[in-house]
There are 2 protein chains.
Amino acid sequence: MNRRRTTLADVARAAGVSSTTASLVLSGRGAELRISEAVQDRVRAASSELGYRPNIVSIGLRKGTTRTLGLVSDTVATGQMAGDMIKGAIEAARERGFMLFIGETEGDPAAESALLEAMQDRQVDGILLTSMFTRARAVPKQLDRIPTVLLNTLPSSPTRYPAVVPDEVEAGRAAARLLLEAGHRSIHLVGAGPGPDDVAPDTVAGVERLAGIREVLHEAGLQPASAHMCDDWVPPQGFAAAQEVLAVDPSPGAIVCFNDRLAFGVYQALGEAGLRIPDDVSIVSFDDYPMAQWLRPGVSSFAIPHEQLGRRAIELLIAQVTGKPADAPEDGVVHRLALPLHARGSIAPVLAGA
Amino acid sequence: MNRRRTTLADVARAAGVSSTTASLVLSGRGAELRISEAVQDRVRAASSELGYRPNIVSIGLRKGTTRTLGLVSDTVATGQMAGDMIKGAIEAARERGFMLFIGETEGDPAAESALLEAMQDRQVDGILLTSMFTRARAVPKQLDRIPTVLLNTLPSSPTRYPAVVPDEVEAGRAAARLLLEAGHRSIHLVGAGPGPDDVAPDTVAGVERLAGIREVLHEAGLQPASAHMCDDWVPPQGFAAAQEVLAVDPSPGAIVCFNDRLAFGVYQALGEAGLRIPDDVSIVSFDDYPMAQWLRPGVSSFAIPHEQLGRRAIELLIAQVTGKPADAPEDGVVHRLALPLHARGSIAPVLAGA
DNA sequence: ATCCAGCGCTAAATCGTGTTAGCATCCACA
DNA sequence: TGTGGATGCTAACACGATTTAGCGCTGGAT
């Protein structure tokens with residue numbers, strides 16, 4: 001009926017040794033310090049007998065390291081994305097014996113500052129500074145003395161911290177190539193464009209996807225057949241943009257939607273106009289929301305690798321936390337992760353002679 | 001160029017007092033123990049001068065309490081729901097000076113056990129045992145000695161822990177009443193029914209929504225016009241079920257969809273059959289996914305109050321953690337939170353004489 | 001003169017672990 | 001016989017806070 005946790009002292013007593021010895025044995029430094037095999041066995045036996053687990057709080061006090069990381073996010077509640085990115089981070093951390101504090105700031109700098117304080121009060125070993133939408137931002141000075149990795153975030157001025165972001169430029173290129181390879185020459189954009197700056201403010205994804213698309217079209221000697229910037233990427237705006245597309249071109253060959261919610265609206269507009277996908281219009285999109293697989297036909301969409309982003313960021317952070325200062329990563333490296341295509345039925349080749 | 005955090009000893013030294021005195025003053029017990037105002041002022045001045053913040057790890061070691069809670073979930077990555085529930089929990093915790101560890105088990109009991117160990121190693125003050133889908137489960141014995149609240153989870157055998165769940169029975173009643181009040185008498189169910197046990201296994205939401213619906217229909221002297229159980233509540237099953245509905249009744253008056261994804265499929269099937277919502281068919285649904293607002297017309301849907309569930313659970317847990325054992329809550333209370341209706345355009349009244 | 005109470009503060013122990021410095025023993029060797 | 005080194009372990013302190021017990025002083029009552 002013991003309600004206390006068993007401590008190192010309990011183990012030592014049970015094994016008939018000092019707690020120093022028990023500590024050395026259990027931390028694997030027994031051989032190094034020439035503790036006899038007999039004693040080591042006694043200690044280990046006592047430890048597992050009593051179900052001993054080291055008190056990490058105590059270790060934290062003594063060593064200053066808690067095997068704990070803090071994930072600071074602007075919002076956790078933004079659709080699927082949040083979940084998957086955090087899931088990847090949590091899993092990668094658990095695999096390495098770390099736990100994660102999760103906090104959100106709602107974009108409020110004061111809240112962010114308070115959160116960072118609260119985490120440092122708890123002696124976190126490192127911080128993951130995270131956005132749910134890829135964006136550039138200043139890195140608070142509070143992070144000067146603590147290992148940090150930027151997740152889905154770019155520093156607005158150069159920092160020494162590594163960043164992990166999706167490779168949106170390459171995804172834009174891939175989307176354009178996909179349509180070109182299917183033989184399309186008349187390609188409309190819904191969400192951004194035509195100029196490189198015709199993008200809703202602060203959307204890194206918009207800027208970069210557009211850049212990739214324009215680059216590939218340009219190399220093929222093309223311009224977008226039309227382009228429709230939307231300041232919020234939601235279905236009603238996709239619906240309206242698709243109607244504009246139909247106004248300039250009653251039978252548009254292909255449409256690049258800047259995300260799946262826009263694509264949803266585009267589907268609705270095309271459906272109401274009596275056009276069929278993919279026979280009349282081919283669609284390609286980004287994000288791969290769950291919705292993309294449930295539209296009829298499913299939308300071919302480039303998926304943001306949220307879970308991998310989370311994992312990768314944690315791996316970098318833990319390397320930085322546990323590694324020697326010597327082999328620290330080069331300053332300010334930006335890791336860009338590819339967006340895999342989830343091909344569905346929304347793209348058809350252009351028939352020869354069409 | 002001091003890189004160390006300032007400690008209580010630093011403050012005491014700067015104020016010219018012992019660290020005992022500094023501790024008493026800063027913890028507010030100064031007056032009680034008759035520390036002179038002059039000294040109290042010196043201590044507080046030194047504290048804010050040096051930017052002192054107590055090291056919670058140290059307090060944790062001494063007092064055994066860390067102002068930290070653990071949220072153990074089966075999955076964090078399930079749609080919007082996860083995010084909002086966790087968001088509510090995080091916010092409520094922060095407001096009270098607590099931080100949250102978040103962990104997920106993927107339903108694996110071994111992983112869950114390891115996670116609970118890891119959290120207890122870090123001296124969490126309490127545990128929130130969470131499911132992303134409401135379900136009943138056994139509560140692990142590991143939790144015997146630590147304050148616990150069940151979130152979106154019911155105990156499969158009685159426990160002393162409080163639980164917080166959405167009030168699905170009442171939502172079912174409300175959905176049925178909504179259609180009855182609009183004059184509908186021919187009401188089809190898509191997702192579960194007609195019998196009370198015709199429900200996909202382990203879905204508390206299905207059982208309870210169905211119970212509420214049946215109760216109200218029964219009181220009105222009605223049976224469901226038809227019912228179609230689906231073992232997975234996704235659009236293709238909704239699509240198929242709607243086709244079955246149309247097979248038995250080419251002009252169904254109203255359909256209750258057991259969630260919005262099913263409703264999406266129902267919309268697709270009705271659209272392809274040339275029926276209009278709400279003129280030809282009225283639809284009511286549950287969950288209020290983002291999708292519900294983007295369908296045309298929007299779906300009237302009962303929203304699971306995820307954020308409130310998270311908040312409420314944290315409030316109960318913190319009360320349990322900080323409260324005196326005397327005023328502990330009664331054992332095993334189940335708190336049921338109402339699902340508010342988000343009314344949109346999917347319901348029309350039956351025309352008189354129709 | 002002695003004792004006690006009240007005042008205002010502090011020394012020291014404590015929480016559970018890691019780490020540094022060092023102790024006792026034994027053996028080999030000059 | 002004494003020296004030096006290897007061997008195998010432990011005492012004691014440190015981490016940063018809280019808490020218990022108590023110290024020295026003063027003034028008034030006995």
Side-chain angles (χ1 to χ4, degrees), chain A residues 2-44 46-47 50-68 120-123 125, chain B residues 2-44 46-47 50-68 97 120-125:
Chain A
N2 57 344
R3 54 183 325 80
R4 235 182 66 267
R5 263 175 87 101
T6 80
T7 89
L8 184 61
D10 297 331
V11 173
R13 200 174 313 119
V17 298
S18 74
S19 57
T20 304
T21 303
S23 171
L24 293 175
V25 170
L26 295 179
S27 61
R29 308 209 302 147
E32 172 190 341
L33 292 197
R34 294 173 301 238
I35 308 290
S36 69
E37 270 310 316
V39 167
Q40 297 215 37
D41 287 347
R42 282 216 311 281
V43 170
R44 281 191 282 256
S47 168
L50 299 176
Y52 170 68
R53 309 208 87 222
N55 181 328
I56 296 195
V57 170
S58 169
I59 297 178
L61 182 57
R62 180 63 234 256
K63 301 214 294 186
T65 171
T66 52
R67 299 191 80 73
T68 296
Q120 298 204 30
D121 292 348
R122 286 165 177 83
Q123 303 264 88
D125 296 333
Chain B
N2 57 344
R3 53 184 325 80
R4 234 182 66 265
R5 265 174 86 101
T6 80
T7 94
L8 183 62
D10 297 330
V11 173
R13 200 173 312 118
V17 298
S18 73
S19 58
T20 303
T21 304
S23 171
L24 293 175
V25 171
L26 295 178
S27 62
R29 308 207 301 147
E32 173 191 341
L33 291 196
R34 295 174 296 239
I35 309 290
S36 69
E37 271 309 318
V39 167
Q40 297 214 37
D41 288 345
R42 283 217 310 281
V43 169
R44 281 190 281 255
S47 168
L50 298 176
Y52 169 69
R53 309 207 87 224
N55 181 327
I56 297 195
V57 170
S58 170
I59 297 178
L61 181 57
R62 181 63 234 255
K63 301 213 294 189
T65 170
T66 52
R67 299 192 79 73
T68 297
Q120 300 206 29
D121 291 348
R122 286 167 178 81
Q123 303 266 88
V124 294
D125 296 332

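Convention: sequence-line order gives letters A, B, ...; per-chain numbering from 1.
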Inset, instruction - Grab the CG-P distance between Leu26(A) and dT19(C) for me, whole Å please. - result: 13 Å
Inset, instruction - Taking only the side-chain nitrogens and oxygens of Thr7(B), find out if one of them lies under 4.0 Å from OP1 or OP2 of dA17(D). - result: yes
Inset, instruction - Compute whether any side-chain donor of one residue and acceptor of the other, for Thr66(A) and Arg122(B), lie under 3.5 angstrom apart. - result: no
Inset, instruction - Could you please name the option among dT18(D), dC9(D), dT17(C) that lies closest to any side-chain atom of Leu8(B)? - result: dT18(D)
Inset, instruction - State whether Lys63(A) and Asp125(A) are salt-bridged, where the test is any N-O pair (Lys NZ or Arg NE/NH1/NH2 against Asp/Glu carboxylate O) under 4.0 Å. - result: no
Legend entry - Residue Arg62(B), side-chain heavy atoms: nucleotide from dA17(D), dC9(D), dT10(C) that is nearest: dA17(D)
Inset, instruction - Confirm from the modelled atom types if Thr20(A) and dT19(C) form a donor-acceptor pair under 3.5 Å, side chain to base only. - result: yes
Legend entry - Polar contact flag, side-chain donor to acceptor under 3.5 angstrom, Ser18(A)-Thr21(A): yes
Inset, instruction - Report the distance from atom CG of Leu24(B) to atom P of dG16(D), rounded to the nearest whole Å. - result: 19 Å
Inset, instruction - Starting from C1' on dT18(D), measure out to CD on Glu32(B) and report it in whole angstrom. - result: 13 Å
Legend entry - Heavy-atom side-chain contact between Gln40(B) and Val17(B) under 4.5 Å: no
Legend entry - Interatomic distance, Lys63(A) NZ vs dT19(C) P [rounded to whole Å]: 5 Å
Inset, instruction - Note the angle between the end axes of the helix from dA1(C)-dT30(D) to dA30(C)-dT1(D), five pairs defining each, rounded to 10 degrees. - result: 100°
Inset, instruction - Report which part of the nucleic acid Ile59(A) touches: base, sugar-phosphate, or nothing (heavy-atom distance under 4.0 Å, all strands). - result: sugar-phosphate
Inset, instruction - Look at all strands and tell whether Ser23(B) reaches a base, only sugar-phosphate, or nothing, counting heavy atoms closer than 4.0 Å. - result: base
Inset, instruction - Please report, rounded to the nearest Å, how far the C1' atom of dC27(C) is from the CZ atom of Arg34(A). - result: 15 Å
Legend entry - Phosphate contact (dC9(D) OP1 or OP2) by Ser36(A) side-chain N/O below 4.0 Å: yes
Inset, instruction - Select one nucleotide: of dC15(D), dC7(C), dT17(C), the one nearest the side-chain heavy atoms of Leu61(A). - result: dC15(D)
Legend entry - Given dT10(D), dA11(C), dA17(D), the nucleotide with the shortest approach to the side chain of Ser58(B): dA17(D)
Legend entry - Arg13(B) CZ to dG16(D) C1', straight-line distance once rounded to whole Å: 12 Å
Inset, instruction - State which of dC7(C), dG16(D), dC9(D) makes the closest approach to the side chain of Thr21(A). - result: dC9(D)
Inset, instruction - Assign Val57(B) to base, sugar-phosphate, or nothing according to its heavy-atom contacts below 4.0 angstrom with the strands shown. - result: nothing
Inset, instruction - Quickly work out the Arg29(B) CZ to dA17(D) P distance and round it to whole Å. - result: 16 Å
